[in-house]
Amino acid sequence: MNIPQGEPQKPKPSNQHLRRNPPIAGEAEAIQSAQAGNATSFEFLYSLHKRRVYSLCLRMLGNVAEAEDLTQEAFLQLYRKIGTFRGDSAFSTWLHRLAVNVVLMHLRKKGLPQVSLEETLEPSQDDGPRKDIGARDLVLSGSIDRVTLERAVENLPPGYRLVFVLHDVEGYEHNEIAEMLECSIGNSKSQLHKARMKLRDLLHSGQRKEMAS
Amino acid sequence: MDCLEFQQQLPELYGSRTSLADHPHVVDCENCAALVRDLEYIAEQAKFLLPIHDPSPRVWEKISASLPPRSRADDDPRRVRNRNSGRLRRCSRRRLSDAWGRSIC
């Protein structure tokens with residue numbers, strides 16, 4: 001590929017691949033049909049998207065029963081609102097955002113993760129910056145499989161997990177997360193950093209247990 | 001800049017750049033270099049966490065139970081027309097048979 005001289009290549013956003021939505025065979029027709037009230041087409045859309053919506057709910061909530069309830073609620077909202085989908089974005093993106101909003105509304109009612117999101121940037125004793133990390137020099141690169149990482153994510157505190165899932169897994173930017181969670185951008189960055197540090201600790205301790213056994 | 005200062009700045013540093021491998025402190029400090037490698041690896045691997053969980057069948061059962069009752073008209077408008085025309089034909093035959101006192105089918 002020839003790049004004209006003097007024309008810099010624009011860097012791709014680091015999370016762009018998360019927003020890729022390749023067309024699914026039959027989806028466009030099913031959407032139109034469901035918008036007209038066809039229940040079979042709606043069921044088809046459910047079968048196409050249930051896994052992603054449910055996985056999102058489960059990762060954000062960390063609880064199977066809640067995740068199933070909110071998956072149900074997300075699709076019922078989809079049924080009520082599908083007529084408003086105009087095709088400005090990919091359908092899966094639109095549905096994904098709807099599901100995130102359902103989870104966030106639920107969390108606001110419960111109030112749990114917001115407590116940790118209101119945390120200031122003052123480091124706590126457990127999660128603050130460590131002056132000496134010389135003892136923790138295990139290199140993780142290439143040594144952690146995704147199942148292990150998934151399990152570690154499940155073990156994160158709710159506030160950390162929420163921001164980590166939204167940013168690193170689902171690809172939202174900090175300004176978007178701050179708006180969704182009604183916190184500052186600085187808080188979003190801080191929570192993300194702490195989530196990654198906690199994950200590092202969890203993964204390290206998992207490695208040490210394996211080596212000891 | 002010492003390790004504590006560097007680590008305190010990490011949340012903001014990551015917000016402004018994708019990799020810190022060439023940060024001056026990282027170049028000079030193997031401890032923080034290892035930390036940065038681990039954190040960037042975690043962030044990178046997270047992107048590939050695919051949706052892997054399916055909801056139980058009862059989720060759809062509950063959704064389906066909450067939807068308006070499905071009428072046969074929901075399925076295919078053409079079937080509605082054919083169905084209705086069949087009803088009309090049957091009604092017509094019944095009326096004629098009643099009028100004539102015998103079935104004409």
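Lettering of chains follows the sequences in order, A, B, ..., and the numbering in each one begins at 1.
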Where B:Leu35 and A:Met197 come nearest, the two heavy atoms and their spacing: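 Closest heavy-atom pair between B:Leu35 and A:Met197: CD1-SD, 3.6 Å.
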
Which heavy-atom pair separates B:Pro51 from A:Ser55 by the least distance, and what is that distance?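 Minimum heavy-atom separation between B:Pro51 and A:Ser55: CA-OG, 3.4 Å.
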
Quick check on A:Met105: does its CE atom have over 12 non-hydrogen neighbours (other residues, nucleotides or ligands) under 6.0 Å away?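 Not more than 12 within 6.0 Å, no.
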
If you count every heavy atom of other residues, nucleotides or ligands that lies below 6.0 Å from A:Glu179 atom CD, does the total exceed 12?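 Not buried by this count: 12 neighbours or fewer within 6.0 Å.
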
Measure the spacing between [atom1] of [X] and [atom2] of [Y] and express it to the nearest 0.5 Å.
X: A:Glu170; Y: B:Leu49; atom1: CD; atom2: CG; result: 9.5 Å
X: B:Phe48; Y: A:Leu149; atom1: CZ; atom2: CG; result: 12.0 Å
X: A:Thr71; Y: B:Ile63; atom1: OG1; atom2: CD1; result: 7.5 Å
X: B:Leu67; Y: A:Leu76; atom1: CG; atom2: CG; result: 6.0 Å

Side chain, backbone, both or neither of B:Ser56 within contact of chain A (heavy atoms, under 4.5 Å):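 Backbone plus side chain of B:Ser56, per the 4.5 Å heavy-atom cut-off to chain A.
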
Chain B contacts, top residue of A:His174, A:Gln72, A:Glu150 (heavy-atom pairs, under 4.5 Å):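 Option with the top pair count is A:Gln72.
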
So which of A:Tyr46, A:Phe42, A:Tyr79 has the largest heavy-atom pair count under 4.5 angstrom toward chain B?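 If we count pairs closer than 4.5 Å to chain B, A:Tyr46 comes out on top.
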
For residues [X] and [Y], determine if any side-chain heavy atom of one lies less than 4.5 Å from a side-chain heavy atom of the other.
X: B:Gln45; Y: A:Asp168; value: no
X: B:Tyr14; Y: A:Arg196; value: yes
X: A:Val64; Y: B:His53; value: no
X: A:Phe164; Y: B:Ile42; value: yes
X: B:Leu39; Y: A:His193; value: yes

For A:Arg80, which atoms come within 4.5 Å of any heavy atom of chain B: side chain, backbone, both, or neither?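 Neither part.
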
Under 4.5 Å from any heavy atom of chain B - which part of A:Leu192: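 Contact with chain B involves no heavy atom of A:Leu192 at all.
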
